[in-house]
J.: 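Let me begin by handing over the structure; questions about it come next.
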Amino acid sequence: MIYQKLKGTVDWLPPQSQKWRLFQQKICNHFEKSGFSFIETPYLEKTALFARGTGEASEVVQKQMYSFLDKNEESITLRPEATPSIVRSYIENKIYGNKGVEKYYYFGPMFRYERPQRGRQRQFFQYGVEIIGTQDAKSDAETIAAFSYLYQSLHIDNQLRLNSIGCFQCRPPYLEKLKKYLIQNKSSLCEECKVRVEKNPLRSFDCKKEPCQKTLEKAPFILHDLCESCKTHFLEVQNYLKYLGITYDILPKLVRGLDYYTKTAFEFASTKLGAQDALSGGGRYDELIKVLGGPETSAVGCAGGFERLLLVVEEEAPKREGVFMASLGEEAEKEGLKIVTELRNEGIRCLLSYDHKSLKSQMRQADSAYVKFVCILGENELRSRKVMVKDMEKSTQEEVSLADLKGYLDQHV
Ligand code: HAM
């Protein structure tokens with residue numbers, strides 16, 4: 001029996017896994033520089049957290065969660081997103097007591113049972129940020145800017161789509177209006193949207209079916225029914241973005257697929273992605289902390305799909321790194337192992353071969369491991385306490401005494 005990975009999951013193998021690590025580091029460094037602190041929460045949570053947080057009416061909760069009963073008959077879910085977990089942790093650890101603004105970033109796997117396709121997996125990684133503890137429009141702009149500048153630094157062309165979806169004051173009367181419109185046009189809606197009219201009419205905007213999309217083009221939009229406070233906030237966000245030179249398109253039908261958003265909602269899209277064009281998405285969620293049992297606290301955040309980002313970043317030539325020790329003969333192999341261990345202890349990435357391979361075979365192995373240097377240690381070299389160091393980039397080589405090897409590599413690696 002040969003086992004295969006689950007549908008919608010990916011193995012990252014060398015050398016592509018090097019690209020994975022490199023961009024993970026670039027993203028994390030970028031968020032660190034932008035003043036966010038790393039947060040890691042469990043991948044398993046109680047199902048109720050997402051049902052309540054992400055929202056009962058959302059597609060994610062209705063169709064996509066990996067939920068199961070554990071041995072204690074408790075319903076557990078593999079997190080489909082991190083925002084409810086971070087809010088849970090914020091409340092559970094009483095971080096709100098600090099009365100300050102918390103800025104978190106995260107990088108980790110999420111799980112959603114979706115139909116796999118390019119850019120859509122069942123296990124995928126998200127990079128994201130959350131700013132908790134302020135309703136200042138500056139924090140919306142700061143979140144958007146963190147993603148915009150990240151894409152800029154990685155040379156990723158993108159479109160920022162922006163909207164405001166109101167608050168718990170202006171949304172209920174708007175929803176009545178929308179409901180009325182949808183009931184009038186019920187015959188042109190799909191079966192699912194007919195149910196949505198009653199349960200959560202805003203979700204109809206997420207429907208991908210052509211007749212529903214067409215019907216919703218003429219629907220009333222929340223953007224045109226905002227209360228004064230939401231209007232002012234939205235203008236402030238836009239002014240900050242303009243000031244930062246971040247261009248955007250206002251998309252009144254952008255509502256985002258999760259239930260907790262209030263006011264600002266946004267998405268970064270890439271034309272290079274095809275059907276699944278959202279690089280990332282986020283928005284403000286001023287009610288979620290209260291809904292999950294915490295004190296009234298405003299927040300804003302955003303998350304992006306890491307595999308999608310890897311699909312659109314320019315292919316960089318893998319960087320040659322470290323050293324390969326090619327040893328020939330029993331004594332040299334023993335000495336080679338010792339040198340490798342010492343160099344590794346000094347922080348130099350070092351590889352070696354097994355099974356008494358020929359020099360040619362070891363050179364081939366070194367080349368595919370993408371090292372910068374190969375140290376060749378034969379019996380002659382061993383006798384004169386020297387190694388031949390070959391630079392794999394420049395195709396040059398020189399003899400270096402064993403005593404000077406570490407210094408030489410330090411200078412050149
Ligand atoms: P989301 O829009 O559900 O938002 O997901 C954010 C991003 O994750 C998407 O734009 C997409 O790039 C990626 N993504 C989602 N599903 C998949 C999938 N099946 N395969 C690959 N990539 C996927 C959230 O998750 C919110 N928690 C974002 C947020 C943070 N809002 C406020 N704070």
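Remember, it's 1-based here, ligands and their atoms both numbered in the order they're listed. Everything numeric here is computed off the predicted structure, so don't read it as measured data.
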J.: Do K26 and F23 meet the cation-pi criteria used here (NZ or CZ under 6.0 Å from the six-membered ring centre, within 45° of the axis)?
T.: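 Yes, K26 and F23 form such a contact.
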
J.: Using distance alone, determine whether L279 and ligand 1 share an N or O pair under 3.5 Å.
T.: yes

J.: Quick one: which ligand 1 atoms are inside 4.0 Å of a heavy atom on Y260?
T.: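 It comes down to these atoms of ligand 1: 26 (C), 27 (N), 31 (N).
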
J.: Side chains of Y248 and Q238: do they bring a donor and an acceptor to under 3.5 Å?
T.: yes

J.: When only distance counts, is A303 in polar contact with ligand 1, meaning an N/O pair under 3.5 Å?
T.: no

J.: Tell me the protein heavy atom at minimum distance from atom 11 (C) of ligand 1, and give that distance in Å.
T.: R308 NH1, 3.4 Å

J.: Consider ligand 1: state whether an atom of it lies below 4.0 angstrom from any non-hydrogen atom of S280.
T.: yes

J.: Provide, to 0.1 Å, the distance between atom 21 (C) of ligand 1 and the closest protein heavy atom, together with that atom's residue and name.
T.: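 Looking at atom 21 (C) of ligand 1, the protein heavy atom closest to it is G119 O, 3.3 Å.
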
J.: Just going by heavy-atom distances, which of A278, C302, S85, A299 is nearest to atom 12 (O) of ligand 1?
T.: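 Minimum heavy-atom distance to atom 12 (O) of ligand 1 goes to A278.
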
J.: Looking at ligand 1, does any of its N/O atoms fall within less than 3.5 Å of an N/O of E130?
T.: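 Yes.
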
J.: From atom 5 (O) of ligand 1, work out which of Q123, Q126, R122, E59 has a heavy atom at the shortest distance.
T.: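 Closest candidate by heavy-atom distance is Q126.
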
J.: Does the gap between the ring centers of F107 and F306 come in under 6.0 Å?
T.: yes

J.: Just by distance, no angles: are the side chains of T77 and E45 close enough, under 3.5 Å, to form a donor-acceptor pair?
T.: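 Note: T77 and E45 side chains miss the donor-acceptor criterion.
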
J.: Heavy-atom contacts under 4.0 Å between E114 and ligand 1: side chain, backbone, both, or neither?
T.: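 Near ligand 1, E114 shows its side chain, while the N, CA, C and O stay back.
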
J.: Checking contacts here: is it the side chain or the backbone of Y106 that comes within 4.0 Å of ligand 1, counting heavy atoms only? Could be both or neither.
T.: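 Near ligand 1, Y106 shows its side chain, while the N, CA, C and O stay back.
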
J.: For R256, does the CZ atom have more than 12 heavy-atom neighbours from other residues, nucleotides or ligands under 6.0 Å away?
T.: yes

J.: Should K177 and D225 count as an ion pair when the cut-off is N to O under 4.0 Å?
T.: yes

J.: Working to the nearest 0.5 angstrom, can you tell me the gap between S280 OG and R308 CZ?
T.: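 Between atom OG of S280 and atom CZ of R308 there are 10.0 Å.
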
J.: Between the side chains of R284 and T143, is a donor N or O closer than 3.5 angstrom to an acceptor N or O?
T.: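 R284 vs T143: no donor-acceptor pair found between side chains.
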
J.: Heavy atoms only: give me the nearest Q276-R120 pair and the separation to one decimal.
T.: NE2-NH1, 3.2 Å

J.: Any idea which protein heavy atom is nearest atom 15 (C) of ligand 1, and the distance to it?
T.: R112 NH1, 3.5 Å

J.: Return a yes/no value for Y285: is any of its N or O atoms, backbone included, closer than 3.5 angstrom to an N or O of ligand 1?
T.: no

J.: How close does the nearest protein non-hydrogen atom get to atom 4 (O) of ligand 1, and which residue and atom is it?
T.: R256 NH2, 3.0 Å

J.: So, applying side-chain contact (heavy atoms from CB on, under 4.5 Å) with Y104, which one of T41, I131, I95 is it?
T.: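 Going through the options one by one, the only one that passes is I95.
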
J.: Considering only non-hydrogen protein atoms, determine which one is nearest to atom 20 (N) of ligand 1 and report residue, atom name and distance to 0.1 Å.
T.: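 Minimum-distance protein heavy atom for atom 20 (N) of ligand 1 reads Q121 N, 2.9 Å.
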
J.: I need the nearest protein heavy-atom contact for atom 31 (N) of ligand 1: residue, atom name and distance, please.
T.: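 Going atom by atom, the protein heavy atom closest to atom 31 (N) of ligand 1 ends up being Y261 OH, 2.6 Å.
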
J.: Quick one: which ligand 1 atoms are inside 4.0 Å of a heavy atom on G282?
T.: 31 (N)

J.: To the nearest 0.1 Å, how far is atom 24 (C) of ligand 1 from its closest protein heavy atom, and which atom is that?
T.: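 The closest heavy atom on the protein side is L258 CD1, 3.6 Å.
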
J.: May I ask you to decide whether E74 forms a salt bridge with K46, counting only side-chain N to carboxylate O separations under 4.0 Å?
T.: yes

J.: To which protein heavy atom is atom 28 (C) of ligand 1 closest, and what is the distance rounded to 0.1 Å?
T.: G281 O, 3.4 Å

J.: Testing the basics here: between T264 and D140, what is the closest heavy-atom pair and its distance to 0.1 Å?
T.: OG1-OD2, 2.6 Å

J.: Can you sort out which atoms of ligand 1 are near E81, meaning under 4.0 Å from one of its heavy atoms?
T.: 24 (C), 25 (O), 26 (C), 27 (N)

J.: If the contact criterion is a heavy-atom separation under 4.0 Å, does Y127 count as touching ligand 1?
T.: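 For ligand 1, residue contact (heavy atoms, under 4.0 Å) with Y127 is absent.
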
J.: Heavy atoms only: which of F306, Y113, F124, F266 lies closest to atom 16 (N) of ligand 1?
T.: F124

J.: Heavy-atom count around K186 NZ within 6.0 Å, excluding the residue itself: above 12?
T.: yes

